[in-house]
Amino acid sequence: MCGRYAASRKPEDLALEFEAVRSEGQPALAADYNVAPTKDVYVVRHAKERDAEGLPTGGGHRELRAVRWGLVPSWAKDVSVGNRMLNARVESLTEKPAFRKAAASRRCLVPADGWYEWAKRLDSPTKQPYFITPEDGSVLAMAGLWEVWGRGEDRLYTCTVVTAPATGALTEIHDRMPLVLPPDRWADWLDPAREDVTELVEPTPPEVVAALELRPVSTAVNNVRVNGPELTARAESVSEPADQPALF
């Protein structure tokens, strides 16, 4: 499961990294080192291009857009449904009504510095938080889905993070992980013409997982009201995680 992550990069840097165009009329999101559900987050999606009359031209481009984390299907009666749609499991993308249509044509990338997971400790009943981030400081691209709810000026754009079984050293902390996509898989994931999502959800490559740092951090991150770069700093004197992963 991915229930908390960090995203500190400026929108202009993300637009350059993902070769995307920023959505017009949106103020920049502030750096957030404790991104929690229902917050506004950046996603990269395929946006259809339209002419002066609002009709599709057949073209498209990558767009960097701020959306709310917690997917709200178009058929939902109210937005509170999104509070339960933070993650979408790869195993059921084509089965669950909330995700099926989005998985076919409304896929996105969710940029992140890294994500947090909590593991049981051998010496304490308190779970130990870890910040999982690329060792080289590069940006992560988590696979996601996006949706739009409502019409006109009341339209709400939302997203969910796709998760998969954990692999490699990550299994020592948790049994799930975000589906992290390397750059050579971004284009296929965003391509709305690729409707068979089962062909796109191969596990994160082992070399990508091996290049992640599993960094123990302070329990201050447990409080969603606490924020700042210090949350991602390495904590000292941390015990090894217990054999059985904790479900967060």
Side-chain angles (χ1 to χ4, degrees), residues 1-11 13-14 17 28-43 66-70 82-84 86-87 109-144 159-180 204 208-248:
M1 179 174 180
C2 176
R4 209 82 64 76
Y5 68 95
S8 66
R9 285 171 168 80
K10 296 179 180 179
D13 294 333
L14 290 175
E17 177 76 24
L29 298 180
D32 195 338
Y33 297 89
N34 202 353
V35 179
T38 73
K39 282 188 174 183
D40 285 345
V41 301
Y42 282 124
V43 301
V67 305
R68 194 172 83 166
W69 185 15
N83 299 338
R84 304 190 302 274
L86 311 176
N87 294 154
L109 301 171
V110 184
D113 302 342
W115 77 95
Y116 299 98
E117 290 292 3
W118 281 253
K120 291 180 180 178
R121 293 178 56 163
L122 295 174
D123 61 348
S124 171
T126 303
K127 294 177 182 178
Q128 173 61 50
Y130 284 80
F131 184 56
I132 303 168
T133 185
E135 292 180 337
D136 63 2
S138 59
V139 66
L140 278 178
M142 302 185 292
C159 74
T160 187
V161 174
V162 176
T163 66
T167 61
L170 296 181
T171 59
E172 299 177 12
I173 295 177
H174 201 280
D175 61 349
R176 304 288 297 181
M177 63 176 285
L179 178 60
V180 178
T204 301
V208 173
V209 176
L212 295 174
E213 177 187 358
L214 281 60
R215 183 189 305 167
V217 295
S218 167
T219 54
V221 73
N222 296 353
N223 187 340
V224 297
R225 292 184 294 274
V226 177
N227 215 312
E230 66 277 5
L231 294 181
T232 65
R234 175 174 290 274
E236 302 300 330
S237 302
V238 176
S239 69
E240 293 296 323
D243 291 337
Q244 294 299 319
L247 296 179
F248 170 69

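When side chains are defined from C-beta on, M142 does not count as touching V162, because their heavy atoms never get closer than 4.5 Å. Two residues are said to be in side-chain contact when any heavy atoms from C-beta on lie closer than 4.5 Å; V221 and W118 meet this criterion. The closest side-chain heavy-atom distance from V43 to L109 is not below 4.5 Å. Side-chain contact between V180 and V209: absent, with no pair of heavy atoms (C-beta onward) separated by less than 4.5 Å. The shortest distance between side-chain heavy atoms of L179 and T163 does not fall below 4.5 Å. The side-chain heavy atoms of P129 and N222, taken from C-beta on, include a pair separated by under 4.5 Å. Residues I173 and L170 form no side-chain contact, since every pair of their non-hydrogen atoms from C-beta on lies 4.5 Å or further apart. Residues P165 and D175 have side chains not in contact (no heavy-atom distance under 4.5 Å, counting atoms from C-beta outward).
In this structure, CD in E17 is found 7.0 Å from CZ in R9, a value given to the nearest 0.5 Å. Between the CG atom of L29 and the NZ atom of K10 there is a distance of 14.0 Å, given to the nearest 0.5 Å. Between atom NZ of residue K127 and atom CD of residue E117 there is a gap of 10.5 Å, rounded to the nearest 0.5 Å. Between atom NZ of residue K39 and atom CZ of residue R4 there is a gap of 8.5 Å, rounded to the nearest 0.5 Å.
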Please report the C-alpha distance between N83 and T38 in whole Å, then the side-chain angles of each, then the deciding distance to 0.1 Å, and finally whether the side chain to side chain contact (heavy atoms under 4.5 Å, CB included) criterion is met.
-> CA-CA 7 Å; N83 299 338; T38 73; 3.3 Å; yes
Determine, stepwise, if the pair T133 / Y116 fulfils side chain to side chain contact (heavy atoms under 4.5 Å, CB included).
-> CA-CA 9 Å; T133 185; Y116 299 98; over 6 Å; no
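Side-chain polar atoms of D113 and S8 form a donor-acceptor pair below 3.5 angstrom.
For the side chain to side chain contact (heavy atoms under 4.5 Å, CB included) with L231, the qualifying choice from V217, N34, N223 is N34, the only one to do so.
Closest heavy-atom contact between C159 and V41: SG-CG2, 3.8 Å. For the residue pair Y33 and P229, the shortest heavy atom distance occurs at CD1-N, 3.5 Å. Nearest heavy atoms, V224 versus A36: CG1-CB, 4.1 Å. For the residue pair P216 and L214, the shortest heavy atom distance occurs at CD-O, 3.4 Å. Here the closest heavy-atom approach between residue A6 and residue F131 is recorded as CB-CE1, 3.8 Å. Of all heavy-atom pairs between R215 and A233, the closest is CD-C, 4.1 Å.
In this structure, the ring of Y5 has its center less than 6.0 angstrom from the ring center of W69.
When atom types are taken as modelled, the side chain of N87 and the backbone of C2 share a donor-acceptor pair closer than 3.5 angstrom.
R234 has a carboxylate O that lies under 4.0 Å from a charged side-chain N of E213, or vice versa, which qualifies the two as a salt bridge.
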